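As structure tokens, the structure follows; a few thoughts come after it.
Just so we're clear, the structure is a prediction, and the values are computed from it rather than from any experiment. Computed from heavy atoms alone, side chains included, the values below leave out hydrogens, waters and symmetry copies. Each chain gets a letter, A, B and so on, in the order the sequences are listed, and its residues count up from 1.
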There are 2 protein chains.
Amino acid sequence: MQQRGGNGGRVTIAEVAERAGVSTATVSRVLSGRGQASAEMRRRVQKAADDLGYRVNSIARALRNSRTDTVGMVVPSITNPFFTSLVESVEHALGREGKELFLCDAQSDPEVEARRLASLVARNVDGIIVSPSHGTASGPAVQETADRLPLVQLDRFVGGTDTDWVGVDDIAAMRQVVDHLHEGGARSAAFVGSRLTNSSSEQRLEGFRRRAADLGMAVRDAWILLDDYTVEWGEAAVAELAAGSPGGPPDAIVCADDLIALGVTRACRAHGIDVPGRVQVTGFDNIEFARLGEPALTTVDQPRDRIAAEAVRLLAAAAEAAAGGDAAPGSRAHIALVPHLVVRDSTRAGGPR
Amino acid sequence: MQQRGGNGGRVTIAEVAERAGVSTATVSRVLSGRGQASAEMRRRVQKAADDLGYRVNSIARALRNSRTDTVGMVVPSITNPFFTSLVESVEHALGREGKELFLCDAQSDPEVEARRLASLVARNVDGIIVSPSHGTASGPAVQETADRLPLVQLDRFVGGTDTDWVGVDDIAAMRQVVDHLHEGGARSAAFVGSRLTNSSSEQRLEGFRRRAADLGMAVRDAWILLDDYTVEWGEAAVAELAAGSPGGPPDAIVCADDLIALGVTRACRAHGIDVPGRVQVTGFDNIEFARLGEPALTTVDQPRDRIAAEAVRLLAAAAEAAAGGDAAPGSRAHIALVPHLVVRDSTRAGGPR
DNA sequence: ATGAAAGCGCTAACAA
DNA sequence: TTGTTAGCGCTTTCAT
């Protein structure tokens, strides 16, 4: 119908103004609900806008306001169920503030990640939530972005950066895991994780080692297996473990995430290793599929909603500080929430039977 | 450092121009790579930009160009692995065109979906890819959006709309499924799907019914169970099936997606029903977890990359047509790709044994 | 209460 | 080749 400019025929505020016989200023005031306007004006403007099918052009609005009401989020992989559920939580938390989410997938590649971050900056998002792909390589891009915009790191934390962070206390979590396994009778244990390229992995291994040592559990070097956060790696690790353990496998296999644990339990089944009878297995994250494993996985539940809420809160605070003209970066917050253990069937709850 | 306006201290093209001692037009030409500029100019401008840490403000650029190089995508649920992998495919296809993806989750709710679509329009995305949440309720919002922007429906199709569509031929897919089960010895079958609120569900049931009838397989009304695309529903359905089948369960259970099938196989295990010995089970989509079922699922593999590529192609074509000033909507394309069966362990390949 | 007008940062005619 | 300038659609002083 309305054909104008290179605009694809979109109705502008000027057209609404003309039809209503008022100025563009009045239309803006009425439609954005700011400022005063008589009831009569409101009615007329509203009608004209409805008749024309007017929709605000948020690009123009963003340029004028230098605010987009949009938060960018970058995750290592959108196909990892843990991150998708985290995204969901963040989206809900943002929705409560009337903000929207611009989601980017970094494909677990720091270079792609850097491009995504740059693009989010160019788009003037109000803030950025990022779960860095790599424990060191992600550093420069993350820091550079944080220098320009409010930014909070989620779940994982990159070395060499100075930004807000929200995640779980991996050390405390692993302590619960190892204690539980020990109660279930485990006196030796293996750890299957990802290469130490991100903080989660490092911290979880560290927490595992520390508590296992405390309890005097046997942990051989050959039982620390690091590669990838994938089901395939979990499966392969069991083969390595079986091959590399002359005296038989350890009593327990602690996995750095649920995908790995799912692979581990699957391979155990294939190798005829009874879980939890012969070997106890634990995961981490409590993704939806964790309960679907055979047996259902004992794992660590991450308080996603809480993590998301805290992140959004920090972002809002940072935005406010920036708007207040605080050139100096305020102090940073590192918020570690303590997750809880979800006991299912892949461990021997309540001691040996 | 640079503090200016309400801009958060971002460097503008004017500042770069000043530092380089040239006009803003020259800076624009150099940095966007369009138009001519001497080597000397390019050097000077580039240096000034680098020194200042200039980054283009894509909001301003978008307002000027009325193009954002961004495509919006709306999926029913970001936690459904099928959609996330579809998103990944779309992102890759878009990346090849230098475009980015703005992803929205409709939470399987047509109202949320309508809001997302409106927001994408407001943001001036160049086009929209949507997998509608509901077979009828999604109609008005989708059509209204399609009237304003290039839009293609993916996977699912809403009744009462006139837009491009790319997906799979569900009828042909189901034919393959039923044939395979029949070869495996099945003479009766149940169907577990979602309430008939979307085209996939409808089509798949229709395809199932038709082929089962062709082959003379028994299909009782009590064996058509419709609720949700969830694992939980798959589990519940088995209980209903067991309770409601005096003469014993059917020889096969055809599921409308892999999540349901995963629930079904799990419940069968719990009920001591051997799969595929007593009952054969099939899924649909071939999500990553399909092979992790116990037994691994026979399912229908959707050609995601192909679907994504076609969608992006259609969008580009529509954008071009729109730019060419074609006010009249061109003819619509409905592209149905034929998926192929992936045979794993939940069915009896090659006839009864 | 309403309107006129400036300007957010960028690009593309058009001039020089 | 380079510069001047208008203007994308919106919001917001500042007058009236």
Stepwise side-chain contact (heavy atoms from CB on, under 4.5 Å) test for Val130(A) and Arg156(A): CA-CA 9 Å; Val130(A) 55; Arg156(A) 305 178 179 179; over 6 Å; no
What verdict does the side-chain contact (heavy atoms from CB on, under 4.5 Å) test give for Lys99(A) and Leu315(A), after you've listed the backbone C-alpha separation in whole Å, the side-chain angles of each residue and the deciding distance to 0.1 Å? CA-CA 12 Å; Lys99(A) 289 188 180 290; Leu315(A) 232 38; over 6 Å; no
Could you go step by step and tell me if Gln107(A) and His92(B) meet the side-chain contact (heavy atoms from CB on, under 4.5 Å) rule? CA-CA 10 Å; Gln107(A) 298 167 33; His92(B) 287 162; 3.6 Å; yes
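Comparing the end axes of the helix from dA1(C)-dT16(D) to dA16(C)-dT1(D), each fitted to five base pairs by superposing C1' atoms of four pairs onto the next four, gives an inter-axis angle of 40° (nearest 10 degrees).
For the residue pair Asn124(A) / Arg67(A), no side-chain donor-acceptor distance below 3.5 Å is found, with atom types taken as modelled.
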N/O contacts under 3.5 Å, protein versus nucleotides 1-3 of chain D?
residue, atom, partner, partner atom, Å
dT2(D), OP1, Ser38(B), OG, 2.8
dT2(D), OP2, Ser38(B), N, 2.8
dT2(D), OP2, Ser38(B), OG, 3.1
dG3(D), OP2, Ser23(B), N, 3.1
dG3(D), OP2, Ser23(B), OG, 3.2
dG3(D), OP2, Thr26(B), OG1, 2.6
dG3(D), N7, Arg29(B), NH2, 2.8
dG3(D), O6, Arg29(B), NH1, 3.2

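Atom CD of Gln36(A) is surrounded by 12 or fewer heavy atoms from other residues, nucleotides or ligands within 6.0 Å.
Computed from coordinates, the Glu15(B) CD to dC8(C) C1' distance equals 13 Å when rounded to whole Å. Rounded to whole Å, the distance from CZ on Arg67(B) to P on dC10(C) is 16 Å. In this structure, CG of Asn124(B) is placed 19 Å from P of dG9(C), rounded to the nearest angstrom. Atom CZ of Arg123(B) is separated from atom P of dC8(D) by 23 Å (rounded to the nearest Å). Put simply, CG on Leu31(A) is 13 Å from P on dT12(D), counting in whole angstrom units. In this structure, CD1 of Ile13(B) is placed 11 Å from P of dG9(C), rounded to the nearest angstrom. For the pair Leu63(B) CG and dA12(C) P, the computed distance is 13 Å after rounding to whole Å. For the pair Arg34(A) CZ and dC10(D) P, the interatomic distance rounds to 14 Å; values are reported in whole Å.
Arg64(B) has no side-chain polar atom (N or O) that falls below the 4.0 Å cut-off from OP1 or OP2 of dG7(D).
Partners of Arg34(A) under the side-chain contact (heavy atoms from CB on, under 4.5 Å) rule, at least two apart in sequence or in another chain, are Ser32(A). Listed by chain and residue number, Ala93(B), Leu94(B), Glu97(B) satisfy the side-chain contact (heavy atoms from CB on, under 4.5 Å) test with Val312(B) (two or more places apart in sequence, or in another chain). With sequence neighbours left out, the side-chain hydrogen bond (donor to acceptor under 3.5 Å, both in side chains) criterion links Ser108(B) to no other residue. Every residue two or more places apart in sequence or in another chain that forms a side-chain contact (heavy atoms from CB on, under 4.5 Å) with Arg55(A) is listed here: Ala118(B), Glu144(B), Arg148(B).
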